[in-house]
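The next block holds one structure in the form of structure tokens; read it before the comments.
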Amino acid sequence: MQPDVERVFRDEWSSAVAILTRVLGDLEVAEDAVQDAFATALERWPRDGVPRAPGAWIVTTARNRAIDRIRREKVFQQKAELIGRLQEVPTEADDMSTIPDDRLALVFTCCHPALASESRVALTLREVGGLTTAEIARAFLVAEPTMAQRLVRAKRKIRGAGIPFRVPPDHLLPERLRPVLAVLYLVFNEGYSTTAGDDLVRAELCEEAIRLGKLLAVLMPDEPEVFGLLALMLMQDSRRAARVGTDGELVLLEDQDRSLWDRSRIDEGLRMLDRAVGLRRPGPYQLQAAIAAARAEDRPPLDVVALYERLAELDPSPVVRLNHAVAIALTGKVEEGLALIDALDSLDEYHLLHAARADLLRRLDRYPEAARSYDRALQLAVSEPERRFLERRLVEVS
């Protein structure tokens, strides 16, 4: 994809899909129309230049493609109704601000409980995050055709089951919240540490997840986990500039230049965490945010270990236990941390387990074992910045 088109795709994809879905009532048709619009952009923009308002251009072109398709495929009554609604979509850039922001409705539609859990995440990464099918497939460790079929089935399930395109009414919001928070955090993480490509960070995905988190906080002011997730994303994102060196390479937390951390984001995250704690219903996102706050405030490593122990009581997942083990090692108990990592057999296909194990072995001067673990992590890692980092470490211990 041409760089200009790719940038607009990342910025405008979800908004365009949401606008067309609201008008058409059909996510699959909306996505096809927006996809056609970007294909047209690939043909025209290199020749004609990028439009002054590329988002408006995409929406207008997608609208026209949808009208063409409806004229070919729909019976007269459906034709007249849908074309009429599409023709009401503004075509001038200055009028686009009058269109409601439907991306939050798009999130809840993609996260509807009628969909399988894996489909909710994949569909939201596609429609809200704008990730390609290939990127999502890599994130799920499945073949691209398998993921393509999963996305197609999810969109057809939405249409077949009549899942409404809307933010749920108040009485349904609490039960619908958990999958939405999980998906938003996955979108954030895809931006914070990309699964593929040459760049470590995709800032637009981080910003989008935070923006949607803020919308959720306005919508659900009595839900502490909304504020907990928002606090967590803000404080993690505060380190964005320090995570990449001047050479574009990955910089670990312990080696980062703290002067590059965004203090305004940390302060905002701390305010969100205080708001969550004040609601007196602790949850996993709040505890993860508290861990991020402890690091931002440079509190003793034992404080972080204690918070991980509380988190493991609520969420005893293997990844939480891995992070707990690393935190223990950072207090100086490297052998203890290594023993805990070695007990996590279920994460054998997770490259970060082998990277963490290799780092602890390196600290213990057990270089041949560290080299084997770095090599295993390299076999599993797909992100180019992570691979380059692991290759450098492998050379150091070989």
Side-chain angles (χ1 to χ4, degrees), residues 14-15 18-19 21-22 97-115 117 120-121 123-125 127-129 163-189 191-192 204-238 240 262-294 296-297 307 310-311 313-315:
S14 61
S15 179
I19 290 168
T21 301
R22 174 178 55 82
S97 61
T98 65
I99 301 177
D101 188 337
D102 289 307
R103 280 178 287 188
L104 193 57
L106 184 61
V107 171
F108 275 101
T109 300
C110 292
C111 296
H112 196 279
L115 300 173
S117 177
R120 297 175 205 166
V121 175
L123 193 61
T124 306
L125 287 172
E127 307 303 345
V128 182
I163 293 173
F165 181 74
R166 66 177 185 184
V167 176
D170 289 348
H171 69 283
L172 293 178
L173 277 175
E175 67 188 61
R176 296 281 303 278
L177 179 61
R178 183 177 297 178
V180 170
L181 294 180
V183 165
L184 287 187
Y185 194 35
L186 280 166
V187 172
F188 176 83
N189 279 331
Y192 188 71
E204 73 280 359
L205 286 182
C206 295
E207 295 288 353
E208 179 67 6
I210 290 170
R211 193 192 73 82
L212 289 173
K214 289 180 177 180
L215 284 177
L216 267 183
V218 170
L219 184 68
M220 307 182 76
D222 297 322
E223 290 293 337
E225 281 290 79
V226 172
F227 290 96
L229 175 59
L230 181 55
L232 174 60
M233 293 190 296
L234 286 165
M235 283 189 281
Q236 286 185 330
D237 192 58
S238 71
R240 188 200 307 168
D262 186 337
R263 190 66 226 183
S264 64
R265 287 240 139 151
I266 293 172
D267 291 342
E268 186 180 7
L270 290 172
R271 290 195 299 272
M272 295 302 103
L273 182 57
D274 285 343
R275 177 73 179 270
V277 171
L279 293 170
R280 299 183 181 279
R281 295 199 307 278
Y285 288 116
Q286 295 167 68
L287 283 167
Q288 290 180 71
I291 291 167
E297 296 172 330
L307 287 167
R310 290 178 59 193
L311 177 60
E313 293 173 1
L314 294 177
D315 178 17

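Since we're looking at a predicted model, the values are computed, not measured. Only heavy atoms go into these numbers, but all of them, side chains included; no hydrogens, no water, no symmetry mates.
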Given side chains that start at C-beta, do those of [X] and [Y] come closer than 4.5 Å, heavy atoms only?
| X | Y | result |
| --- | --- | --- |
| Asp102 | Thr21 | no |
| Leu307 | Leu311 | no |
| Pro113 | Arg176 | yes |
| Leu181 | Leu216 | yes |
| Asp237 | Asp262 | no |
| Pro168 | His112 | no |
| Glu225 | Met220 | no |
| Phe188 | Leu229 | no |

Item to complete: Report the C-alpha distance between Val107 and Arg103 in whole Å, list the side-chain angles of each, state the deciding distance to 0.1 Å, and finish with yes or no for side-chain contact (heavy atoms from CB on, under 4.5 Å).
Response: CA-CA 6 Å; Val107 171; Arg103 280 178 287 188; 5.7 Å; no
Discussion item. So, using side-chain contact (heavy atoms from CB on, under 4.5 Å) as the criterion, who are the partners of Val167 when residues are at least two apart?
Written reply: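 With neighbours one apart ignored, the set is Leu104, Ala105, Phe108, Leu173, Leu219.
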Discussion item. Once side-chain contact (heavy atoms from CB on, under 4.5 Å) is applied, do any residues pair with Pro282, and if so which ones, sequence neighbours excluded?
Written reply: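 Partners of Pro282 by the side-chain contact (heavy atoms from CB on, under 4.5 Å) criterion come out as none, since no residue qualifies.
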Worksheet item: Given the rule in the side-chain contact (heavy atoms from CB on, under 4.5 Å) test, do Arg275 and Leu230 qualify, once you have shown the distances and angles that lead to the verdict?
Response: CA-CA 11 Å; Arg275 177 73 179 270; Leu230 181 55; over 6 Å; no
Nearest 0.5 Å please: distance from the [atom1] atom of [X] over to the [atom2] atom of [Y].
| X | Y | atom1 | atom2 | result |
| --- | --- | --- | --- | --- |
| Cys111 | Leu184 | SG | CG | 7.0 Å |
| Thr124 | Leu106 | OG1 | CG | 7.5 Å |
| Thr109 | Leu115 | OG1 | CG | 9.5 Å |
| Arg166 | Leu172 | CZ | CG | 7.0 Å |
| Leu234 | Ile210 | CG | CD1 | 5.0 Å |
| Arg120 | Cys110 | CZ | SG | 11.5 Å |

Determine the minimum heavy-atom distance between [X] and [Y], stating which atoms define it.
| X | Y | result |
| --- | --- | --- |
| Met233 | Gly213 | CE-CA, 4.4 Å |
| Arg240 | Cys206 | NH2-CB, 4.2 Å |
| Arg281 | Pro224 | NH2-CD, 3.0 Å |
| Leu273 | Ala231 | N-CB, 3.6 Å |
| Ala114 | Ile163 | CB-CD1, 3.9 Å |
| Ala292 | Leu232 | CB-CD1, 4.3 Å |

Before accepting this row, confirm whether a basic side-chain N of the pair [X]/[Y] lies closer than 4.0 Å to the acidic partner's carboxylate O.
| X | Y | value |
| --- | --- | --- |
| Arg265 | Glu207 | yes |
| Glu313 | Arg310 | no |
| Arg271 | Asp274 | no |

Fill in: Those residues that, when tested against Arg263, pass salt bridge (charged side-chain N to carboxylate O under 4.0 Å, His left out) (two or more places apart)
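Residues passing salt bridge (charged side-chain N to carboxylate O under 4.0 Å, His left out) with Arg263: Asp267.
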